[in-house]
Colleague: 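Let me begin by handing over the structure; questions about it come next.
In this text, all values refer to a predicted model and were calculated from it rather than measured experimentally. Atom set for the values below is all heavy atoms of this structure, side chains included, hydrogens, waters and symmetry mates excluded.
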Amino acid sequence: ILGTTPISVNNNQVFYASVVGVGTICPKIVTLTFNVTPTPVITTNIDNMCSNGEAVVMTGNPGGGTFSIDGVLSSGLSLDPSTLSVGNHTLTYILNGTCPATFRDTFETYQKPTASISGPTSPITYNTSTQLIAQPNVTGYTYKWEPATSLVNNTIYNPTTVDLIQTSQFCVTITDNHSCSDDACITVEVAAPQLAVKIKANGANVCSGNPVILTSLNTGGVGPYSDEWASSRENFSSTLENTQHTPTATGTISYSVTVTDSQNKTASDQVTIEINDVPTVILDKELSVCQGSTLTLSPTITGQGATPVYEWIGTNLNAPTDAASVNVNTSNTGVYPISLTVKNGACSTKETIGVTVVQSPVAEIDTVRGLCYGIPVQLNATVIKGTAPFNHKWTKDAGNDGTFNNPNREDPTFTANVLSPLYRFTYTLTDSTGCSTSVNTGLLTLNAIPEAEIVQGTNISTCVNENN
């Protein structure tokens with residue numbers, strides 16, 4: 001081959017060279033073909049890593065080579081960072097074959113941060129907060145706490161918890177500026193609150209015949225809990241958290257409960273209930289009265305207790321309306337509903353009555369003229385309003401002696417028998433509704449009959465068949 005300068009070749013490229021034969025003046029050209037294998041370009045997947053990182057499966061490209069770390073041949077392809085010292089390391093990848101090649105690179109193993117948490121060493125008070133401190137505390141490190149909802153700020157090294165009501169675990173992940181991280185956890189114990197119990201009843205006053213509903217409301221302590229109920233009378237007992245009892249008699253009754261938790265701690269509470277009678281009200285359902293009459297509603301009431309409350313409701317009632325009876329205003333006609341509610345503690349009864357105010361009849365008397373002793377006088381009454389049929393009744397004042405020819409008609413006559421100086425007649429009209437009205441004549445003067453005198457010597461003319 002002519003020349004001494006190396007020839008650069010590419011894979012499978014045809015090259016030409018001059019060959020001189022020995023003892024030959026004219027050269028002879030021979031064509032040679034070279035199959036060239038290039039020197040491999042090697043890459044690996046190994047980079048800087050944390051000392052607590054996961055093991056890495058080493059790969060090289062082209063494949064088929066062997067790895068050594070710091071001159072020590074690797075027995076496999078797995079590289080565990082925890083087996084390496086912190087610092088720089090040399091990775092060697094040797095590829096054997098037609099064109100052997102060697103790749104060397106350096107990588108660094110970083111020391112991971114060692115996380116720890118300091119916090120309370122004894123149980124904290126129920127429903128209070130506490131502070132947690134993560135180490136190491138280094139500027140540039142990041143902190144992530146869980147559970148985030150139980151912390152005021154979960155991205156600082158020294159967060160404060162919210163108020164805790166149960167024992168809780170908190171964990172932090174600390175990440176350094178090489179993205180190496182470590183975790184630590186701490187359990188914060190919360191002391192159980194003092195056991196307490198409160199009885200809830202369905203009222204301080206319960207009506208006779210209804211059940212007293214009782215609930216034991218427990219707080220604090222350590223569950224599970226047991227309940228023991230008792231009563232001041234009637235020998236009631238129960239072991240249920242929610243229970244009930246129907247007393248057989250009125251009056252006061254006390255209920256108590258004792259709660260025991262799993263630590264054998266106890267708490268008790270007591271409540272007193274007043275069992276009241278349910279009032280009974282007897283009131284006419286319908287009542288009809290005459291306009292202008294006096295009406296007082298006085299129902300029969302039992303079971304109202306020592307301090308009853310009365311409440312009358314109606315549009316035509318006269319005050320007061322908070323007594324056992326009430327006066328009704330009957331000046332206007334119409335139908336008026338009136339109700340009475342009687343309360344005995346929490347127990348009450350309501351009754352309603354319909355009062356109908358009926359139009360009273362109206363009458364007037366004609367002027368009486370010529371009331372004379374011993375002579376009948378005509379009396380006349382006129383019906384102005386009312387519902388037929390009617391009843392008529394004429395009367396006279398006491399001491400006025402005399403007789404009616406028929407006092408039960410509109411127009412009787414009256415004859416005075418005594419020379420009483422003053423007379424008065426009263427006319428009472430009653431219609432079919434039972435309502436009545438009365439009017440009187442006022443005081444009337446009774447006139448005596450004048451005596452006739454015959455004067456002697458006077459000629460008197462008489463007619464035939466007339467009495468002298």
Colleague: Start with the C-alpha gap between N332 and V357, add the side-chain angles, then the distance that decides, and say whether side-chain contact (heavy atoms from CB on, under 4.5 Å) holds.
Modeller: CA-CA 7 Å; N332 296 314; V357 179; over 6 Å; no
Colleague: Do any N or O atoms from the side chain of S262 and from the backbone of G223 form a donor-acceptor pair under 3.5 angstrom?
Modeller: yes
Colleague: Any side-chain heavy-atom pair from V188 and T130 closer than 4.5 angstrom?
Modeller: yes
Colleague: Judged by atom type as modelled, is there a donor-acceptor pair below 3.5 Å linking the side chain of R233 to the main-chain atoms of T252?
Modeller: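 Such a contact is found between R233 side chain and T252 backbone.
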Colleague: Within the distance-only criterion (no hydrogens, no angle test), does the side chain of Y93 pair as donor or acceptor with the backbone N or O of G65 below 3.5 angstrom?
Modeller: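 Side chain of Y93 to backbone of G65: a pair is present.
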Colleague: Evaluate side-chain contact (heavy atoms from CB on, under 4.5 Å) for T352 paired with I338, printing each intermediate quantity in order.
Modeller: CA-CA 6 Å; T352 300; I338 299 173; over 6 Å; no
Colleague: Starting at CZ of F170, measure out to OG of S150 and round the result to the nearest 0.5 Å.
Modeller: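 Result: 5.0 Å between the selected atoms.
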Colleague: Please collect all disulfide bond (SG atoms under 2.5 Å apart) contacts where either partner lies in residues 118-160, sequence neighbours excluded, each pair once.
Modeller: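 Checked against disulfide bond (SG atoms under 2.5 Å apart) - neighbours excluded - no pair reaches residues 118-160.
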Colleague: Sort and list the pairs that fulfil disulfide bond (SG atoms under 2.5 Å apart) and have at least one residue in residues 308-344, not counting sequence neighbours.
Modeller: none
Colleague: Before you tell me yes or no, could you show the steps for T356 and S288 under side chain to side chain donor-acceptor pair (under 3.5 Å), namely the whole-Å CA-CA distance, both residues' side-chain angles and the distance that decides it to 0.1 Å?
Modeller: CA-CA 5 Å; T356 301; S288 180; 5.4 Å; no
Colleague: With distance as the sole criterion, is a donor-acceptor pair present between the side chains of T248 and E234 under 3.5 Å?
Modeller: yes
Colleague: Given the rule in the side chain to side chain donor-acceptor pair (under 3.5 Å) test, do D227 and S216 qualify, once you have shown the distances and angles that lead to the verdict?
Modeller: CA-CA 8 Å; D227 297 83; S216 170; 2.8 Å; yes
Colleague: List in chain and number order the residues that pass ring pair (Phe, Tyr, Trp, His ring centres under 6.0 Å) with F103, two or more places apart in sequence or in another chain; answer none if no residue qualifies.
Modeller: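 Per chain and number, F103 pairs via ring pair (Phe, Tyr, Trp, His ring centres under 6.0 Å) with no residue.
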Colleague: Establish, from distance only, whether the side-chain atoms of S181 and T173 form a donor-acceptor pair under 3.5 Å.
Modeller: no
Colleague: So, taking the atom named CD1 in I174 and the one named CG in N137, what distance separates them when rounded to the nearest 0.5 Å?
Modeller: 9.0 Å
Colleague: For residues 262-274, which residue pairs pass the salt bridge (charged side-chain N to carboxylate O under 4.0 Å, His left out) check, not counting sequence neighbours?
Modeller: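 Residue pairs with at least one partner in residues 262-274: there are none.
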Colleague: Give me the atom names and distance for the closest heavy-atom approach of F67 to T59.
Modeller: CZ-C, 3.6 Å
Colleague: With side chains defined as the heavy atoms from C-beta onward, is the minimum distance between V335 and V355 less than 4.5 Å?
Modeller: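 Contact flag for V335/V355 side chains = no.
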Colleague: Closest approach of D277 and C347, non-hydrogen atoms and distance?
Modeller: O-CB, 3.5 Å
Colleague: With rounding to the nearest 0.5 Å, note down the distance linking CG in N329 to CG in L295.
Modeller: 10.5 Å
Colleague: Within the 4.5 Å heavy-atom criterion, are L132 and T161 side-chain neighbours or not?
Modeller: yes
Colleague: Hey, is the main chain of Q263 close enough, under 3.5 Å, to the side chain of D261 for a donor-acceptor pair?
Modeller: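 Yes: the side chain of D261 pairs with the backbone of Q263.
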Colleague: Please list all pairs passing the side chain to side chain donor-acceptor pair (under 3.5 Å) test where one or both residues lie in residues 306-325, with sequence neighbours left out.
Modeller: none
Colleague: Using the test ring pair (Phe, Tyr, Trp, His ring centres under 6.0 Å), find all partners of Y427 that sit at least two apart in sequence or belong to another chain.
Modeller: H392, W394
Colleague: Would you check if S339 and E351 make a side-chain contact, meaning some heavy-atom pair closer than 4.5 Å?
Modeller: no
Colleague: With side-chain contact (heavy atoms from CB on, under 4.5 Å) as the criterion, how do F107 and N88 come out once you've worked through the C-alpha distance, each side chain's angles and the decisive distance to 0.1 Å?
Modeller: CA-CA 6 Å; F107 67 92; N88 293 320; over 6 Å; no
Colleague: side-chain contact (heavy atoms from CB on, under 4.5 Å) with T92: which residues, sequence neighbours excluded?
Modeller: S68, T90, I94, T102, R104
Colleague: Applying side chain to side chain donor-acceptor pair (under 3.5 Å), run through T155 and N153 and close with a yes or a no.
Modeller: CA-CA 6 Å; T155 61; N153 185 343; 2.9 Å; yes
Colleague: When you measure from the side chain of N48 to the backbone N and O of E108, does any donor-acceptor pair fall under 3.5 Å?
Modeller: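 At least one qualifying donor-acceptor pair exists.
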Colleague: So, do Q291 and T330 sit near enough that their side-chain heavy atoms are less than 4.5 Å apart?
Modeller: no
Colleague: Check the pair I165, V190 against side-chain contact (heavy atoms from CB on, under 4.5 Å), reporting the backbone distance first and the verdict last.
Modeller: CA-CA 7 Å; I165 60 174; V190 177; 5.8 Å; no
Colleague: With F236, which residues qualify under ring pair (Phe, Tyr, Trp, His ring centres under 6.0 Å), at least two apart?
Modeller: H245, Y255
Colleague: Not counting sequence neighbours, list each pair that qualifies as a disulfide bond (SG atoms under 2.5 Å apart) and has a residue in residues 120-165.
Modeller: none
Colleague: Return the minimal non-hydrogen interatomic distance between G303 and N344, and the atom names on each side.
Modeller: O-ND2, 3.3 Å
Colleague: M49 and P81: which non-hydrogen atoms are nearest, and at how many Å?
Modeller: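 Where M49 meets P81 most closely, the heavy atoms are SD-CG, 3.4 Å.
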Colleague: May I have the list of side-chain donor-acceptor pairs in residues 194-212 shorter than 3.5 Å, sequence neighbours left out?
Modeller:
residue: N202; atom: OD1; partner: I213; partner atom: N; Å: 3.0
residue: N202; atom: ND2; partner: P211; partner atom: O; Å: 3.2
residue: N205; atom: OD1; partner: N276; partner atom: ND2; Å: 3.2

Colleague: Minimum heavy-atom separation for G220 to Y225, with atom names?
Modeller: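 Result for this residue pair: O-OH, 2.6 Å.
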Colleague: Do side-chain atoms of T128 reach the backbone of T125 as a donor and acceptor pair under 3.5 angstrom?
Modeller: yes
Colleague: Using 0.5 Å steps for rounding, measure from the OG1 atom of T175 to the NE2 atom of H178.
Modeller: 12.5 Å
Colleague: Check whether any side-chain N or O of E228 sits under 3.5 Å from a backbone N or O of V259 as a donor-acceptor pair, and report yes or no.
Modeller: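 No; zero donor-acceptor contacts below 3.5 Å.
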Colleague: Would S254 and T272 count as a side chain to side chain donor-acceptor pair (under 3.5 Å) if you check the C-alpha gap in whole Å, the side-chain angles of each, and the deciding distance to 0.1 Å?
Modeller: CA-CA 4 Å; S254 296; T272 299; 3.0 Å; yes
Colleague: Tell me the salt bridge (charged side-chain N to carboxylate O under 4.0 Å, His left out) pairs involving residues 112-139, sequence neighbours left out?
Modeller: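 Every pair satisfying salt bridge (charged side-chain N to carboxylate O under 4.0 Å, His left out) with a residue in residues 112-139: K112-D182.
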Colleague: Under a 4.5 Å cut-off applied to non-hydrogen side-chain atoms, are T349 and T280 in contact?
Modeller: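 Not in contact.
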Colleague: If you round to the nearest 0.5 Å, how far is OG of S74 from CD1 of I69?
Modeller: 6.5 Å
Colleague: For A192 and G221, which heavy atoms make the closest approach, and how far apart are they?
Modeller: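 Smallest heavy-atom distance, with atoms named: CB-O, 3.8 Å.
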Colleague: Any disulfide bond (SG atoms under 2.5 Å apart) involving residues 286-327? Give me the pairs, sequence neighbours left out, ordered by first then second residue.
Modeller: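 Every pair satisfying disulfide bond (SG atoms under 2.5 Å apart) with a residue in residues 286-327: C290-C435.
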Colleague: Within the distance-only criterion (no hydrogens, no angle test), does the side chain of T428 pair as donor or acceptor with the backbone N or O of T426 below 3.5 angstrom?
Modeller: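 Such a contact is absent between T428 side chain and T426 backbone.
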Colleague: Rounded at 0.5 Å granularity, tell me how far CG in L73 sits from OG1 in T66.
Modeller: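 One finds 5.5 Å between CG of L73 and OG1 of T66.
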Colleague: Do S51 and C180 have side chains that get closer than 4.5 Å, going by heavy atoms?
Modeller: no
Colleague: Using side-chain heavy atoms (C-beta onward) and a distance below 4.5 Å, is N327 in contact with L317?
Modeller: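 Result no, sub-4.5 Å side-chain heavy-atom pair not found.
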